[in-house]
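Heads up, the thing below is written out as structure tokens.
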Amino acid sequence: MESRVLSRAGAFSPLSHFRKLPSREPTAIFYNSSTVPVTVKATGSVADGGNLVWGRQLRPALISPALKKVLLQPCHATAAEGNDSAGEAKVAPVGFFSKYPALVTGFFFFTWYFLNVIFNILNKKIYNYFPYPYFVSVIHLFVGVVYCLISWTVGLPKRAPIDSNLLKLLIPVALCHALGHVTSNVSFAAVAVSFTHTVKALEPFFNAAASQFILGQSIPITLWLSLAPVVIGVSMASLTELSFNWLGFISAMISNISFTYRSLYSKKAMTDMDSTNIYAYISIIALIVCLPPAIILEGPTLLKHGFNDAITKVGLTKFVTDLFWVGMFYHLYNQVATNTLERVAPLTHAVGNVLKRVFVIGFSIVIFGNKISTQTGIGTAIAIAGVALYSLIKAKLEEEKRQAKAA
């Protein structure tokens, strides 16, 4: 974000009187972060220190010495810093983030995968001694909401205002997010993590079907053909999955459908608000939605013996800290995923999603020692390969559409 100097003429005594410029005005050209040149004109005489321009900083030589300490702030590395006496422009040193963008993006991907893997492992460990997915889903969202509220309080980031129109657009997105999140956790609690993620690999199939039959968009035959390995692979894995049960399978399928509709509603709720604030508002609404079913379906059992059984098995301290950290990892991996995917092209985004699922499936098998049959392993590999093929073709088609529109 560019550094900004806000000014009002009456706020600083040296700037209280402005003189009209001569017919020939001195100008300075700066380049913002998107390398778009911006011409800045001084609106006062140089002797009087010049005027401040909204959204930009004037060169140091145009500001009176008395105001330099108050008004001059460090600029972006892309801003030019002039010297009137020498008549030469000096470019500030390039920052680390600008100098090594690929390294920074790689770090974002690593952080995203790391947080996601840790979340899935810790989440499953909790279900091994506390099998209450509705309550745990509420904890995931509750910890994230508290995190967002604290962040807003300290101004990192600054809370973006929301009106009734935007709220109406976000409610359907949050409803689908809540349903998809809860059903995913029901599946995680019922079957192996690797199997849930294998079934969730079918999500592109549901996205394509919704685009074709609900939005009326024409899906190329190549995309449909690329989805065939996904369906075949998931079917093979399901037939011989040792932890298979219908609750886990159906819940994962409902999760796929819910996240598909979330994507559809998200397109209608496109806004200029930043992704961090959008996700915070969605989390708050989803938390409100998830509370009633958790209280109704699991509340009596939890009060009767659920909490006591968990505390007896692992102790109060570990139980509370596990719930806290699983909520933190859930929120952080979703937030980092959003920030990561904003930095890359659709093709990289598609490949990143596929690799994430591979990482989670692989690590879950190693950590939990899940035994899988040969057919399940082959089916999982075929499904992941199909998702990769689908993602690559879709990203290529979207890129061709953008180039056609630009032409």
Side-chain angles (χ1 to χ4, degrees), residues 1-2 4 104-105 107-109 111-116 118-120 122-123 133-185 255 258-295 320-344 349 352-353 356:
M1 184 178 293
E2 299 165 338
R4 296 181 177 270
V104 175
T105 300
F107 175 76
F108 269 81
F109 269 100
T111 306
W112 174 24
Y113 291 178
F114 174 78
L115 293 173
N116 189 267
I118 296 300
F119 162 74
N120 278 277
L122 181 57
N123 202 44
Y134 289 90
F135 177 81
V136 174
S137 298
V138 168
I139 294 298
H140 292 164
L141 295 169
F142 175 76
V143 174
V145 167
V146 172
Y147 177 90
C148 292
L149 294 177
I150 294 174
S151 299
W152 280 341
T153 301
V154 299
L156 296 172
K158 185 178 179 181
R159 187 183 72 84
I162 186 171
D163 55 25
S164 58
N165 292 328
L166 180 56
L167 183 62
K168 290 177 182 178
L169 292 174
L170 291 182
I171 286 177
V173 180
L175 288 173
C176 294
H177 178 71
L179 180 59
H181 178 53
V182 169
T183 51
S184 292
N185 277 281
S255 173
S258 300
F259 287 138
T260 295
Y261 275 94
R262 183 186 65 178
S263 298
L264 297 180
Y265 286 120
S266 295
K267 293 178 182 178
K268 297 179 181 180
M270 294 297 289
T271 175
D272 293 333
M273 187 184 294
D274 63 280
S275 61
T276 302
N277 275 289
I278 285 288
Y279 185 69
Y281 283 120
I282 289 175
S283 296
I284 293 172
I285 299 171
L287 174 61
I288 297 172
V289 173
C290 290
L291 271 172
I295 294 172
V320 173
T321 54
D322 279 354
L323 291 177
F324 169 77
W325 283 115
V326 78
M328 281 297 297
F329 283 122
Y330 171 76
H331 179 81
L332 291 176
Y333 102 72
N334 276 286
Q335 189 57 66
V336 173
T338 303
N339 297 337
T340 301
L341 300 180
E342 285 179 342
R343 300 175 57 89
V344 298
H349 163 228
N353 267 323
K356 181 209 73 173

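Predicted, not measured: the structure shown is a model, and the values here were computed from it.
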Under 3.5 Å donor-acceptor, Asn123 side chain and Phe119 backbone: no

Tyr134 OH: over 12 foreign heavy atoms closer than 6.0 Å: no

Approximate separation, where rounding is to 0.5 Å, of His331 NE2 and Cys148 SG: 3.5 Å

Contact summary for Leu141 and Cys290, nearest pair of heavy atoms: CD1-SG, 3.7 Å

More than 12 heavy atoms from other groups under 6.0 Å of CZ on Phe259: yes

Stepwise ring pair (Phe, Tyr, Trp, His ring centres under 6.0 Å) test for Trp152 and Tyr281: CA-CA 12 Å; Trp152 280 341; Tyr281 283 120; 5.2 Å; yes

Side-chain donor-acceptor contact under 3.5 Å, Asp274 with Asn277: yes

Non-hydrogen atoms of Ala174 and Ala286 that approach each other most closely: O-CB, 3.9 Å

Heavy-atom closest contact (Leu169 atom, Val173 atom, distance): O-CG2, 3.7 Å

Flag for His181-His140: side-chain donor and acceptor within less than 3.5 Å: yes

Shortest non-hydrogen contact between Leu287 and Val145, atoms and distance: CD2-CG2, 4.0 Å

Aromatic plane relationship, Phe329 with Trp325 - under 30° parallel, 30 to 60° tilted, over 60° perpendicular: tilted

